Protein chains: 4
Amino acid sequence: MAVAKNAGAAPVKKRVRLSTEVRRQQILDAALIEFTALGFNAASIAKIASRAGTSKANLYVHFENKDAIFETLLKDVLQPALGAWQLPPAGHGIEKALDAYIDRRYHDMTPQMVSIMKLLIAEGHRVPALIQRWQDETVLPAHRQQQAVIDSYVADGVLEKSPLTDNFSFIMVPILYAVICKIIFTPEVAEAECQKTKETHRQLIQQLLKARAGVLPEKLL
Amino acid sequence: MAVAKNAGAAPVKKRVRLSTEVRRQQILDAALIEFTALGFNAASIAKIASRAGTSKANLYVHFENKDAIFETLLKDVLQPALGAWQLPPAGHGIEKALDAYIDRRYHDMTPQMVSIMKLLIAEGHRVPALIQRWQDETVLPAHRQQQAVIDSYVADGVLEKSPLTDNFSFIMVPILYAVICKIIFTPEVAEAECQKTKETHRQLIQQLLKARAGVLPEKLL
Amino acid sequence: MAVAKNAGAAPVKKRVRLSTEVRRQQILDAALIEFTALGFNAASIAKIASRAGTSKANLYVHFENKDAIFETLLKDVLQPALGAWQLPPAGHGIEKALDAYIDRRYHDMTPQMVSIMKLLIAEGHRVPALIQRWQDETVLPAHRQQQAVIDSYVADGVLEKSPLTDNFSFIMVPILYAVICKIIFTPEVAEAECQKTKETHRQLIQQLLKARAGVLPEKLL
Amino acid sequence: MAVAKNAGAAPVKKRVRLSTEVRRQQILDAALIEFTALGFNAASIAKIASRAGTSKANLYVHFENKDAIFETLLKDVLQPALGAWQLPPAGHGIEKALDAYIDRRYHDMTPQMVSIMKLLIAEGHRVPALIQRWQDETVLPAHRQQQAVIDSYVADGVLEKSPLTDNFSFIMVPILYAVICKIIFTPEVAEAECQKTKETHRQLIQQLLKARAGVLPEKLL
DNA sequence: AATGAATGAGTTTTCATTCAT
DNA sequence: AATGAATGAAAACTCATTCAT
């Protein structure tokens, strides 16, 4: 009657003890997947824990509660998100430089990035303080910094002044449209819409951003 | 603490009996508010019922289940949403016409419309069939129809061919950006961003859409 | 009305932590009582939980759902039920052996056994697979095994061939009648009916089962 | 916009007004089907109403509540059930008479009768008064009356005294077994068990009931 | 740090029953 | 008599969180 305790070879869950940082990161990785796939409410602590290879109770050793996991996660992810809005250096022919820039931006639009955007839109309201800080300390400064560069080019006569140079962050707008398409439309339509948008985006930028000297300095894009 | 048992005047909950259509609409109205404010999961049947001034059980008299309410709601709201993407007739001076068009579009961006967009993005995945139908029977046809009009103008030499006339639905893109700003940013920043976007949008359209005769026919916008 | 907030002595519900096996068994015990008393539908999870001295939610830690509890319960109870249909060894005088056998059978007809029979009849349809396995792997084999023994006795000339030796499981039939009486009739009538049935049963068996040698081998009953 | 009220040909539910008795019987017929198929709890008022071709609310015009329907139903059905226990007249050759009797009894074991037995066992406890009356005024009197007839035959020397003539209702016992088999076993096994039981039953009765004169009076079976 | 067991507070859903017409 | 609309009460079930070890 007595059941042999794990007789023979059985998959006994070993109690693994990891350093705080490692475990935290595992939890956050798991949480990112679950949250982006299902949203905050539908993502369950149980699923996150099992994906992280630990127990529900252990999540509470490392985080105050579900909201804290979400917040930490979004905080982490919103930091490098800045990069997505920054202009990296580019080549020398202006047309090529712009094309390369556009390519890079649309290439960065990975499924993961799309998921995070969705999460931000759908659940951002849960972490208003975080959003505000992100907005005030990341998004707006990045806009300003970029705008300052553009302004200096215009002042230096490198670029012609135009509505677009006056509000340079506007240049990102079509990319957001593409992201939203990926979120709401079927994959085929989304893909088609993205291609069309990218092409129009490219052509319009080429038309709107005219460098006086015909060449943009490396720093621009 | 002791509640008088209906002493004197009787505030007894009278049972209100309404026609199916009226009650259904009340429920849908309540549901729209709750769903847009909280999302599908966080919105509760109890809250929707009380907002609709009826009982939980009565919701189930009028709808199969929570999903059915959501679906009905989105279906209803996605029908006239077509209008938001259609170009209504406009005046005669091209600059004025375009300005009026832009004004109208940004004016239509009511809080309710913003909420619905959020719902669509955040919860659209719940009703894939609905989304597909909306996409195939509303969004894409509207795009096509609009594009056909523009194409005819270009063919007739009324408008100059340009990247924007080649992909005319691109003209809506900044509006989506403004909507997303309203969803994720703080009201002040969102408002500022909208103003900037609108102005840039206006100027760029003015610049990009050049009518040969300097006048757009009434039918265009 | 005002409840003293745990004044003086503290009857705070201590959280009792038991091993899975113990708790599972407690739940099954409670469930058996509730199910047999009320039937599947009328038995409530809340009642079972409180009878088991735990919370509703904890039932769901140990069982998938209500059906799983029911199925586990019936599975457990249908295993030893085999015994009820098997013939245990007996003494040497044939009359005495048969009397002892009858006594034992009617003595085994405990209220609990009656409840389980009722459950089986009333709710067996919920677990068709289980019933089928019980029938195929327990009831029919037991019949066959018993029949084989009887057949060998007949072949060996120990017992005279008769309709009863041809279909020996028929011998249990009056016991089932007694059980059903206990389920549907009032206790007094049921008891009287059982007595009458038992006596008739005894006499008829004595009359029908005649051993050639006047003695049944120990193994028969 | 105004929806034409049942434009063209539509299946408008006509409000049918029937005499109380007719409607009552329709409800009872529907209820019998639902109750026997599902049991008391699982049978729903809504289903009964729709099967009866009327509305839920109308059931409450004709019956106090669900229990009343059940009780009325069982009362009706328990009346003629008496017949099942009565011995109808038979032919003259004793073997043939007994065979005919057995045939009739097993033939009467219709699916409907089986369902009602199940209902009686599973839900009889809901109507103890009814069961008691049925037991005291139908079952027991029928037993007694039958027994009296048998006793007179024994006294008259028509039948030999035996355990079976002493407790003649015992003769029905195997039939109950067959019914229970039909309830709990799979159809094939149930059928096989019934056949075996019937045959053994027949042979044993033939063996046990010996008429002195070799002929049973018409009144016996 | 880790976890299996436990639970309170909630959720959606069902259903017998009642009300207003 | 009949019924569509309405509802209170309860059901099963879920889940973030906590306790005991």
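Per chain, numbering begins at 1; letters A, B, ... match sequence-line order. All heavy atoms count here, side chains included; hydrogens, waters and symmetry mates do not. None of the values given here were measured: they were computed from a predicted structure.
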Quiz item: With sequence neighbours left out, which residue pairs that include part of residues 30-65 of chain D fulfil the ring pair (Phe, Tyr, Trp, His ring centres under 6.0 Å) condition?
Solution: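 Non-adjacent pairs meeting ring pair (Phe, Tyr, Trp, His ring centres under 6.0 Å): D:Phe35-D:Phe40, D:Phe35-D:Phe70, D:Phe40-D:Phe70.
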Do any side-chain nitrogens or oxygens of [X] fall under 4.0 Å of OP1 or OP2 in [N]?
| X | N | value |
| --- | --- | --- |
| A:Ser19 | E:dA1 | no |
| B:Ser55 | F:dG8 | no |
| B:Arg23 | F:dA6 | yes |

Self-check item: Dot-bracket encoding per residue of DNA chain E, Watson-Crick/G-U cut-off under 3.5 Å, | denoting interstrand
Solution: .||||||||||||||||||||
Exercise. Give the C-alpha distance, both sets of side-chain angles, the deciding distance and a yes or no for side-chain contact (heavy atoms from CB on, under 4.5 Å) between A:Val61 and A:Thr20.
Key: CA-CA 9 Å; A:Val61 172; A:Thr20 296; over 6 Å; no
Practice problem: Could you give me the CA-CA distance, side-chain angles and deciding distance for C:Asp76 and C:Thr72, then say whether side-chain contact (heavy atoms from CB on, under 4.5 Å) is met? | Solution: CA-CA 6 Å; C:Asp76 285 7; C:Thr72 305; 4.3 Å; yes
Quiz item: Under the 3.5 angstrom rule, does the side chain of A:Asn65 hit a backbone N or O of A:Ala68 as a donor-acceptor pair?
Solution: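 Yes; judged by distance alone, with no hydrogens or angles, the pair exists.
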Self-check item: Test item: A:Lys66 side-chain N/O and A:Ala43 main-chain N/O as donor-acceptor pair under 3.5 Å
Solution: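 Pair found, side chain donor or acceptor close to backbone of A:Ala43.
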Once you round it to whole Å, what is the distance between [atom2] of [N] and [atom1] of [X]?
| X | N | atom1 | atom2 | answer |
| --- | --- | --- | --- | --- |
| B:Lys47 | E:dT11 | NZ | P | 10 Å |
| B:Phe70 | E:dT12 | CZ | P | 14 Å |
| A:Glu34 | F:dA16 | CD | C1' | 15 Å |
| B:Phe63 | E:dT14 | CZ | P | 15 Å |

Practice problem: Measure the OG1-CD distance between C:Thr54 and C:Gln26 for me, rounded to the nearest 0.5 Å. | Solution: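 So the OG1 of C:Thr54 and the CD of C:Gln26 are separated by 8.0 Å.
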Quiz item: What distance separates D:Leu32 CG from D:Ile48 CD1, expressed to the nearest 0.5 Å?
Solution: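 These two atoms lie 10.0 Å from each other.
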Quiz prompt | Heavy-atom pair with the smallest gap, counting every atom of A:Ile121 and B:Ile184 | solution =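 Nearest heavy atoms, A:Ile121 then B:Ile184: CA-CG2, 3.8 Å.
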Practice problem: Do nucleotides 15-21 of chain E as a string where each nucleotide becomes B, S or -: B if the base has a protein heavy atom under 4.0 Å, S if just the sugar-phosphate does, - if no protein is that close. | Solution: BSBBBB-
Quiz item: Which is true for C:Leu59 with a 4.0 Å heavy-atom rule: it touches a base, it touches only sugar-phosphate, or it touches nothing?
Solution: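 C:Leu59: no heavy atom of the nucleic acid under 4.0 Å.
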Self-check item: A:Leu120 vs A:Val77 side-chain heavy atoms within contact, under 4.5 Å
Solution: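 The answer is no, as the side chains (C-beta and beyond) never meet within the 4.5 Å cut-off.
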